[in-house]
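In the text below, chain A, chain B and the rest are named by the order of the sequence lines, each starting its count at 1. We use all heavy atoms of the structure for the numbers below, so side chains are in, but hydrogens, waters and symmetry mates are not.
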Amino acid sequence: MNVSEEAEEILEILWIAYEETNSAHLRLSQLRTMPELPVLRELIDAGVLTHAHGDDFVTLTEHGMHEARDAIRRHRLSERLLTDILSVKKDLIHETACQFEHHLHRGVDTNICTLLGHPQVCPHGKPIPPGRCCEEGREMVARAIAPLASLKPGEHGEVVYLHTTDPRRAQMLVTMGVAPGTEITLLSGYPSYLFQIGEGQFAVDRQVAMEIHVRLER
Amino acid sequence: MANVALFGNPNVGKSVLFGCLTGSYVTVSNYPGTTVEVSRGSLRAGGNLYEVIDTPGLYSIYPITEEERVALRILTEGRPDVIVQVMDAKNIERMLPLTFQLMESGVPLVLVLNMIDEADQNGISIDVERLTELLGVRVATTVAINGQGIDRLIGLIRSAMHESASRGKKPMELPPYSDSRMHVWHERARVIARQVCRKSGARHGMSRLDRVLMSPLTGMPILAAVVYFGLYLFVGVLGAGVVVDLLEGAYTDYLNPFIENVVSATVPWPALRGLFAGEYGIFTLGVRYAVAIIMPIVAFYFFVFALLEDSGYLPRLGFLLDRAFKRIGLSGRAIIPMVLGLGCVSMATMVTRTLPTRRERIIATFLLALCIPCAAQTGVIMGLLAVRPHVLAAWAFIIISIFMAVGMLGAKIIPGARPTFLLEVPPMRMPQMRNVFVKTGARVAWYFKEVVPLFALASALIWLGQVTGAFDLLVRAMSAPLSLMGLPDSAATAFIFGFFRRDYGAAGLYDLNRQGVFDANQLLVAAVVLTLFLPCITQFIITLKERGWKIGVALSLFILMFSFVTGVALNGLLVIAHIKL
C-alpha cells in the first residue's frame, strides 16, 4: 500500500491508541494529533478506516490494523537503527526516525530487522511488532547486533543495550558490570552461557543471555 | 571506638584482609558469597584501637540479594568512620563504579587493590600514583593471602581516620538508582581505567582446565568421580567406616568401663549414676556419639568441602547444573547452599541468603530441611548400609527421587517468577592447605559447640524420663506409629534422639543396628525416615530467623508428617510387593 507520509504518521498514532485502549474503535478527539480531513479521506479510501460522517469515532479495519502495525514497526525499527548503529543523539531520534521510516518499504525493514538481531523493543521500551523475519529468525544479511545467546564461543563485541522483562534483572546486570559500552566475549554456550568482561567471568542462563544485546566486532 | 568497614565486590578477598588486619579468622573461600554475615574484630595501630568490620560482598549500593542488604546496612546505619574498599586489581574498570557510589557517602575512603600478584601474572600493570591523583583517595596494593602491603594499608587507614575525625560525621544521603547515573559512573570508570591500566599480552578466554570441567561430556564424569572418591570413599568408607569403628571401639572398650568405674566410685546414688554413665549416660552415650561417631565424619566431610570451595569448583558446578536446578525452581547459584548442606544444613540455611528471590530462598530452605542429609547423618547411614550396597543404593535412589519430586512440586506451587541464573565464576586456584585445615577446624569447632550441649541435654532429659517413667510411656506411645512403618519398638529411642537432631537419631540407629535389631527392610525404612526427619533445633531456629515463624512452623509440621507417611508407604510397598532386601 502506498499512502502519503502524513497518512503514515496517522497510522502510527492510530496504532498507539489501539495499544493503549486495546480496541479498534477509536475516538478521534482523543488521538495525539487530529488527522486533517484530506488525510482522513485518503485513509478511508485506502480501506484502512471506516468513519460515519460527523461521528467522533473511527474504526480500524482488519486491513488497517495490519497497515498500522507495519507502520509502527518501521518507525520503531528506525529508532533502533538510529540509536544502535548510527549513534544519533537521543533527543533527535524520534524526529529523524519519522523521516527515516518512510524508506523502509519493500523488504528493507526485514533486512534492517535482521541486521539489528530482531529487536523486540524500541529504545523507549515500546514493543516492536514482530515481522515474519522475526518468527523465522532469518539471517539473510549479516547481523550487526545480536543477543549474546546467539554468538558463537570466541565471538566478542560491545554491549549495546539490555532488554529484560524484569527491571531488577537489568539492574543486577548493570551493577555487575554488564553495562552498555562494555566489551564482552562469549566463552561457552553449553549447558549454560559463560562470558568474560575485563578479567571477570560470569555464568548466566539462556534467558539472560538473550537479553544482553551485543554489537559484534569482526 | 572508631571503626573501619571493609566493602567490595564479592570474592575480592575482604575476609582474608580482615584476617590480616585483626588476626582473627573468618571463613574464606574461592567463590562469591562465602561471607553472609558481618564479622567484627579489632586492629591496634600506633597506640589506637580501631574496630574492623567485615561485610558480605556487594556489587553496588543498590542491593539485590539479602547478603548485599546486610552489607549496605553497615554503611547506612552503622556509619563507619573510614571505608576500606577492597578491589580485585585485575578488574579495576568493573569495580570502580562501586568506588564512586561509596564516595557518595562522604566517608573517607581507602582503596585496596588486592591480588596485585595475579594482575602481574596476567600482564596488567597499574599506575597507582595516577589512580590516587584521579580519584582523590588513598590507594594501597596488597596480596592479602601472604600479608604483602598490609603495613602500608594500616598507615593509610590511620591517616584516613585523622581526616574523618577532623571532618566530623555529616548526614549521609545516597542517591537513588537511575540508569543514567549508573551510565555516568561506568563511563568515568572506563576513562580512568584506560589511563592507569596497561595490559600486555592477549586476553586468555577459558583455561584448559575450565574446558574440561565445564563441558558436560567431561564435567559430569568428573562430578561423579568427585562424589565417588571424595564423598563415598574418603568420607563414607574411610571416615565413617574405618575411623569411626576405631574410635567407637576404643571408646566402648576402654573409656566406657573407665567412666563407669569413676562414676560408681564417686556418685553414691545409683539413680544419679545413670545420668553420667550407663545406657543413656551423658559421658557413655552423649559424648560418645559426638566424639566417636559425629566428629570424625563431619571433619572428613568439611575437609573435602574446603578443598572444593577453595579451588573454585563450586561455581563451575553451578554452570553445569543450572538447567537441572531450574526444574526444581532454583538456579545454578543454589548449588553452593545445597553442597554446603551436605555438610551442615544449619550453615546452609544461612547461606540461602545469597539467592536473589524469596521464592528461591523458600524452596532451598525446604529442600535442605527435608532431603539433604547433613554429613554426620550421611556418614552414619553410609557406614550402616555399606555392608549391604543394594540397600544403600535403594536409600540413595529414594532420597534423590523425593528431592526431585518435591522440588518440582514446590516450583509449581510456590508463586513467583522463574529464577535467574547469574553467577560470577572466579578463576580456579590451588587451595592453600593451611586455609583448608584452619577452615575445617573452625567448622568442626562450630559444629561441636552446637552439638555437645544438645547431646548432653538429650541424655539428661532421657535420664529424667527414665527416672520418672515418662520415657517408657513415650516409647510405648511410639510403638503404634513405628509398627505402621514395620519397625520394632526398640527403634523408638533412635527416633526420640532424632527429635533433638536427626544425625543423633542416625547415630542411635547405628548403635541399635550393632545390636542386630533390624533386618534389611527395616533398616531401609528407618534410614529413609530419619533422613527426611526434622534436621535439628539449630536449623529450626535459623529457619525462623531467616524465613519467619510462619514458614518455619509450616515447614516443620509438613516435614514431620511427610517423613512419617513416606515411612508407612515405603513399608507398605515392601510388604505388598513381597520385597525382601
Visitor: Tell me whether B/Arg333 contacts the main-chain N or O of B/Thr354 through its side chain, where contact means a donor paired with an acceptor under 3.5 Å.
Guide: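 Indeed, once roles are kept as given, a pair shorter than 3.5 Å links the two residues.
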Visitor: I need the residue from A/Gly177, A/Pro153, A/Gly181 with the largest number of non-hydrogen atom pairs under 4.5 Å to chain B.
Guide: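 Between A/Gly177, A/Pro153, A/Gly181, the count favours A/Gly181.
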Visitor: What are the residues of residues 95-105 of chain B, in order of number, with any heavy atom under 4.5 angstrom from a heavy atom of chain A?
Guide: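 So far as heavy atoms go, nothing in residues 95-105 of chain B approaches chain A to under 4.5 Å.
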Visitor: Just to verify, what does B/Glu309 make a salt bridge (Lys or Arg N to Asp or Glu O under 4.0 Å) with, not counting sequence neighbours?
Guide: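 Expected list: B/Lys439, B/Arg443.
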Visitor: So which residue, B/Glu424, B/His183, B/Lys90, ends up with the most heavy-atom pairs under 4.5 Å with chain A?
Guide: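 Counting heavy-atom pairs under 4.5 Å, the top option is B/Glu424.
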Visitor: Please test A/His94 against A/His124 for ring pair (Phe, Tyr, Trp, His ring centres under 6.0 Å), starting from the C-alpha separation and ending with a verdict.
Guide: CA-CA 10 Å; A/His94 181 79; A/His124 309 98; 7.1 Å; no
Visitor: Testing the 3.5 Å rule here: is there a donor-acceptor pair between the side chains of A/Ser23 and A/Thr21?
Guide: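 Note: A/Ser23 and A/Thr21 side chains miss the donor-acceptor criterion.
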Visitor: Against chain B, label A/Arg169 side chain, backbone, both or neither, depending on which of its atoms sit under 4.5 Å from a heavy atom there.
Guide: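 Only the side chain of A/Arg169 comes within 4.5 Å of chain B.
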Visitor: What's the shortest heavy-atom distance between B/Lys326 and B/Ser331, and which atoms?
Guide: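 For B/Lys326 versus B/Ser331, the nearest heavy atoms are CE-CB, 4.2 Å.
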Visitor: Is chain A contacted by the side chain of B/Arg190, its backbone, both, or neither, given a heavy-atom distance below 4.5 Å?
Guide: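 Just the side chain, heavy atoms under 4.5 Å.
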Visitor: Tell me, please, which residues at least two apart from A/Glu20 pass salt bridge (Lys or Arg N to Asp or Glu O under 4.0 Å).
Guide: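 Residues passing salt bridge (Lys or Arg N to Asp or Glu O under 4.0 Å) with A/Glu20: A/Arg32.
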Visitor: Based on non-hydrogen pairs under 4.5 Å, which of A/Tyr193, A/Tyr190, A/Phe202 is most in contact with chain B?
Guide: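 Between A/Tyr193, A/Tyr190, A/Phe202, the count favours A/Phe202.
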Visitor: Under 4.5 Å heavy-atom distance to chain B, tell me which part of A/Thr165 shows up: side chain, backbone, both or neither.
Guide: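 When you check distances to chain B, no heavy atom of A/Thr165 falls under 4.5 Å.
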Visitor: Where on A/Val208 is there a heavy atom nearer than 4.5 Å to chain B: the side chain, the backbone, both, or neither?
Guide: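 Contact with chain B involves the side chain of A/Val208 alone.
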Visitor: In this structure, are over 12 heavy atoms from other groups packed under 6.0 Å from B/Arg358 atom CZ?
Guide: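 Not more than 12 within 6.0 Å, no.
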Visitor: Report which part of B/Pro419 has an atom under 4.5 Å of a heavy atom belonging to chain A: side chain, backbone, both, or neither.
Guide: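 Just its backbone gets close to chain A.
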Visitor: If we ignore angles and hydrogens, is there a donor and acceptor under 3.5 Å between the side chains of B/Arg198 and B/Ser125?
Guide: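 The answer is no; no qualifying pair exists.
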Visitor: Does any backbone or side-chain atom of B/Asp88 lie under 4.5 Å from a heavy atom of chain A? Answer side chain, backbone, both or neither.
Guide: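 Neither part; nothing is under 4.5 Å.
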Visitor: Is B/Ile124 close to chain A through its backbone or its side chain, or both, or neither, when contacts mean heavy atoms under 4.5 Å?
Guide: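 Side chain only.
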Visitor: Measure the shortest side-chain to side-chain distance between A/Val174 and B/His186 over non-hydrogen atoms and say whether it is less than 4.5 angstrom.
Guide: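 The answer is yes, as the side chains (C-beta and beyond) meet within the 4.5 Å cut-off.
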Visitor: Does any N or O in the side chain of B/Asn91 come within less than 3.5 Å of the main-chain N or O of A/Gly200, such that one atom is a donor and the other an acceptor?
Guide: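 A pair under 3.5 Å: yes.
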Visitor: Report the option among A/Gln171, A/Gln207, A/Arg206 that has the most heavy-atom pairs separated by less than 4.5 Å from atoms of chain B.
Guide: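 Sorted descending by pairs with chain B, the first entry is A/Gln171.
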Visitor: Please enumerate all residues that pass salt bridge (Lys or Arg N to Asp or Glu O under 4.0 Å) together with B/Arg361, with sequence neighbours excluded.
Guide: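 By the salt bridge (Lys or Arg N to Asp or Glu O under 4.0 Å) rule, B/Arg361 matches B/Glu66.
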